[in-house]
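To keep things clear, I will list the structure first and then write my remarks on it.
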Amino acid sequence: MVTGVDWSDRENDVVVLAYFDMLHRELRQEPYVKAKVNDEVRRVTGRSKGSVEFKFANVSAVLREMHHPFILGYQPRSKFQDSLRDAVLRHIGDRADLEESALEAALRIAQSRVDVDFDLKDPPHVELSDDYQRHRRAAKRDYVQLDAANRSLGHAGEVAIVDLERRRLRAAGATRLAAKVEHVSETQGDGLGFDILSFSPDGDEKWIEVNTTRFGIAWPMLISRNEVATSQEQPERFRLYRVFDFDAPRPGLYELRGPVTSTCQLVPETFHAVPA
C-alpha cells in the first residue's frame, strides 16, 4: 500500500476519470456503487480506501472552484495538489457526455411542491482554497449562474417555503398569522430584497430570501447587492433559507439569520463600472 507520497499524474488521472464516471451517472440519476469504484482505484493505484475517498473529495473541491456540479456524497475538501486541478482540467474537456448531463441538470424545469418534508440541517462550514476565485475561471460554463437563473427552480423553492411557513404557524396555533404569509416576490415584485413575508408565532416579522438549488449543501449561492443591503438594514427580520437537493424525495434546508456579510463568505463576481 502506498502511503506518505504525493499522488503522481498517472494516479490523479485514474481518480479523476473514475470520479467523472460516477458524476455522470449521478447527474443522470443512474445507480452506481461508490465502494466498487473505490476498490478499482485502490487496485490500480495501491492507495488506501481512506486516501481514495479523500482524493474524491478533493476532486469535488476543484469542480466547485470551477462552478461545476460535483458528487453530493463527496463534500469538497480544499487542501489538494495543484497537479490534481491540472488533471481535472486535462480531462473535463474530453467528457462531452458529462457536460451534457450537467447542463441538463442545471436547466431542468422544476415542478412546484407543497407539504415538503424538509431535512433540516445546520449551516455547513465551507472551506475555500486560497485560489478559489482565480482558478474557477477555467470552466466552460458557470453552472452556479445557470442554476440560479433557472426561474422555475427558484419559484418552486419559494412556493415550498411559503407552504412550510404557513404549516409551521398553523401547527403553533397562529392561524391568523398563517393566513398573512405573503409571497411578496410574486405579489409586489422581486425588488424588495426578500421573497416571503412571514412571522414568528408571537407575531414578529420574518423577511425570508429563498435560495434554491438541485445540487448539494456546499453548492455556492448567488446573492444580489439588494439582498445583502436588506440583510444589513433589517438584521432582526432577515432570514436566508437555503434549499438544496431540491429534486430529492426529502430536500435539505438550512437557515441563516442576520446580515449576509456576517453569515456568508462573499466572493465578488461582477461590478457595475463607468469610466473614471
Side-chain angles (χ1 to χ4, degrees), residues 60-70 76 78 80 82 85-86 88-90 92-93 96 99-100 102-108 110 123-155 157-158 183-197 207-215 218-244 256-276:
S60 291
V62 175
L63 290 174
R64 184 176 63 188
E65 282 188 354
M66 299 168 60
H67 281 190
H68 190 288
F70 52 86
S78 295
F80 53 80
D82 287 342
R85 183 189 289 114
D86 294 339
V88 171
L89 295 175
R90 188 161 56 245
I92 198 165
E99 291 305 297
E100 181 180 347
L103 187 60
E104 192 279 330
L107 299 181
R108 189 184 310 133
H125 173 67
V126 176
E127 294 182 1
L128 299 179
S129 72
D130 294 338
D131 294 329
Y132 172 80
Q133 189 175 359
R134 176 169 61 91
H135 280 292
R136 68 170 186 78
R137 304 302 178 196
K140 284 184 177 180
R141 297 184 179 92
D142 189 326
Y143 286 98
V144 171
Q145 293 274 2
L146 290 173
D147 183 53
N150 187 330
R151 296 181 67 86
S152 70
L153 180 62
H155 181 265
E158 292 170 16
H183 192 173
V184 295
S185 63
E186 291 288 304
T187 60
Q188 301 184 41
D190 58 4
L192 296 175
F194 65 101
D195 299 310
I196 297 165
L197 171 63
W207 293 10
I208 302 173
E209 171 64 23
V210 184
N211 202 304
T212 305
T213 183
R214 286 192 166 94
F215 302 122
W219 185 248
M221 295 180 272
L222 290 188
I223 304 292
S224 74
R225 181 177 61 179
N226 189 32
E227 291 155 5
V228 172
T230 300
S231 75
Q232 294 174 308
E233 294 163 3
Q234 299 289 338
E236 298 300 319
R237 291 186 173 96
F238 190 84
R239 307 286 191 274
L240 175 57
Y241 280 20
R242 177 53 158 173
V243 178
F244 57 95
L256 298 172
R257 299 188 179 194
V260 174
T261 49
S262 299
T263 60
C264 295
Q265 303 171 70
L266 298 180
V267 179
E269 289 289 325
T270 59
F271 298 90
H272 287 190
V274 295

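Here the structure is a predicted model, which means the values were calculated and not measured.
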Determine yes or no for a side-chain-to-main-chain donor-acceptor pair under 3.5 angstrom, with Asp195 supplying the side chain and Val210 the backbone.
yes
Counting distance only, does the side-chain N/O of Arg214 pair as donor-acceptor with the main-chain N or O of Arg108 below 3.5 Å?
yes
Can you confirm whether more than 12 heavy atoms, excluding those of Glu100, are under 6.0 Å from its CD atom?
no
Tell me, please, which residues at least two apart from Tyr143 pass ring-ring contact (aromatic ring centres under 6.0 Å, His included).
His68
Applying side chain to side chain donor-acceptor pair (under 3.5 Å) as the test, list every pair that has at least one member in residues 256-265; sequence neighbours left out.
Glu255-Arg257
Is there side-chain contact between Cys264 and Ile223, with heavy atoms separated by less than 4.5 Å?
no
Could you give all pairs that pass the salt bridge (Lys or Arg N to Asp or Glu O under 4.0 Å) test and reach residues 220-234, with sequence neighbours left out?
none
Within 6.0 angstrom of Asn226 CG, more than 12 heavy atoms from elsewhere
yes
Any residue meeting side chain to side chain donor-acceptor pair (under 3.5 Å) with Thr230, in chain and number order, not counting sequence neighbours
none
Hey, is the main chain of His67 close enough, under 3.5 Å, to the side chain of Asp142 for a donor-acceptor pair?
no
With Phe194, which residues qualify under ring-ring contact (aromatic ring centres under 6.0 Å, His included), at least two apart?
Trp207
Side chain to side chain donor-acceptor pair (under 3.5 Å) involving Ser231 - partner list, sequence neighbours excluded
none
Could you check whether any side-chain N or O of Arg151 sits under 3.5 Å from a backbone N or O of Ala149, counting only pairs where one atom can act as donor and the other as acceptor?
no
